[in-house]
Amino acid sequence: MQYPFIEVDIKKIKHNAKVVTDICKKHGVNPVGVTKVSSGSIELAQAMIDGGIDTLGDSKLDNLEKFKDLPAKKMLLRLPAISEAKKLVEFADISLNSEIKTIEAISKEAVKLGKTHEIVLMIDVGDLREGIFYENKDTIMETVDHILTLDGVKLVGIGTNLTCYGAIIPSKENVGQLVDIKKEIEEKFNIELELISGGNSSSLCLIQHEELPEGVNQMRLGTSIILGLVEVTWTMIPDTYNDAFKLKAEIVEIQEKPSMPIGEVAMDAFRNVPTFEDKGMMKRAICAIGKQDCDPQFMLPDDENICILGSSSDHLILDITNSDRDYEIGDILSFTLDYVAILRCMTSPYVERVYI
Ligand SMILES: *Cc1c(COP(=O)(O)O)cnc(C)c1O
């Protein structure tokens, strides 16, 4: 076996997907299974499908391309670039959009390929990432008007995203804006929109608080399926797993050393001036993994008596003084990963993927 590797428990992902899907369906919401943490893992996408997901969402077309043979609808989450319009039409059925020039480019490519690409028009209700600002009603209506004249694209609904840049909490009021805007569009243009895409995992707080505005019928869910977590309320969804992803790394050094570095302090390898607490002599271990391939801030040793002290690009430094186990060189440490660490590990070509 070669280390480090990330162990992905497919059964746990499938289970989480099923639990989350059931909750959503009970509230009239169809969940999009967001795979972007996995760098295009077909196994993970398939686990979501097996759990009841019918649409996969990813931020990168390269990942959706890997999923091309999976039996699910494919959604591009990050606004498409004009330069990738052709690839978008090839590998995604639906995308989130806010720019008419891009939608025109999509239209052209879709017509060429004889396809119809579905458009969700993004409205920014306050988080200040993507979308037309909700108060700019003229821009919204002009954009809709223009989309309706284009061939090869179909406006299927509107959507929003929250708690990503501005860290704004989804509420009856801000997500509710979408319900009003949808109604205005439908009346003004005498059309029906099938979709209100009400946000990411953070929007599950609206279901938790029984405040979901009537008409919101889609959510795009990554973290809640991957970790069973609703970050905005910092709650676990009952009956889900938060440990489907484990990092296994090998110990390459164990030495008795002080807790305080010796000598004059400059900047560390990441341009920080480090500070240290004097805890006397320690038994310290080094694992062969570092910031290039994981994120030590977002991982927890499964041996609760071990403490992560820090890391550089390829070294993870741990305090193993208080562990009950007598570790030796070559032993493997296991870590439970939070979202950012999963993202790093799954993206790194140096971390093997093992599916169980
Ligand atoms: C990442 C992303 C999601 C999923 O976010 P989670 O918090 O992981 O559920 C949904 N929509 C968009 C537009 C995203 O970028």
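Whatever order the structure lists ligands and atoms in, that order sets their numbers, starting from 1.
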Check: Does NZ or CZ of K12 come closer than 6.0 Å to the centre of the six-membered ring of Y241, within 45° of the ring's axis?
Finding: yes
Next item on the list: Report yes if L77 has an N/O atom closer than 3.5 Å to an N/O atom of ligand 1; otherwise report no.
Entry: no
Next item on the list: Give yes or no for whether the N/O distance cutoff of 3.5 Å, strictly under, is met between R129 and ligand 1.
Entry: yes
Notebook entry, point to check: Does L96 approach ligand 1 within less than 4.0 angstrom via side chain, backbone, both or neither, non-hydrogen atoms only?
Noted result: side chain
Next item on the list: Under 4.0 Å, heavy atoms only, figure out whether ligand 1 is touched by the backbone of T223, its side chain, both or neither.
Entry: both
Do [X] and [Y] make a side-chain contact, defined as non-hydrogen atoms from C-beta onward lying under 4.5 Å apart?
{"X": "D303", "Y": "Y327", "answer": "yes"}
{"X": "F298", "Y": "L343", "answer": "no"}
{"X": "I140", "Y": "I123", "answer": "yes"}
{"X": "K25", "Y": "N30", "answer": "yes"}

Margin query: Could you work out, with side chain to side chain donor-acceptor pair (under 3.5 Å) as the rule, every residue matching R353, not counting sequence neighbours?
Written below: none
Notebook entry, point to check: For ligand 1, which atoms have a heavy atom of L221 less than 4.0 angstrom away?
Noted result: 9 (O)
Can you tell me the protein heavy atom closest to [atom] and the distance?
{"atom": "atom 12 (C) of ligand 1", "result": "N161 OD1, 3.5 Å"}
{"atom": "atom 15 (O) of ligand 1", "result": "K36 NZ, 2.7 Å"}
{"atom": "atom 5 (O) of ligand 1", "result": "N200 CB, 3.2 Å"}
{"atom": "atom 11 (N) of ligand 1", "result": "R220 NE, 2.9 Å"}
{"atom": "atom 9 (O) of ligand 1", "result": "S201 OG, 2.5 Å"}

Check: For ligand 1, is E130 a contact, meaning one of its heavy atoms is under 4.0 Å away?
Finding: yes
Checklist line | Residue-ligand contact M75/ligand 1, heavy atom below 4.0 Å | finding: no
Checklist line | Given H117, R78, E118, K74, the one that forms side chain to side chain donor-acceptor pair (under 3.5 Å) with S95 | finding: H117
Next item on the list: Show your working on side-chain contact (heavy atoms from CB on, under 4.5 Å) between W234 and L229 and close with a plain yes or no.
Entry: CA-CA 7 Å; W234 210 247; L229 179 70; 4.0 Å; yes
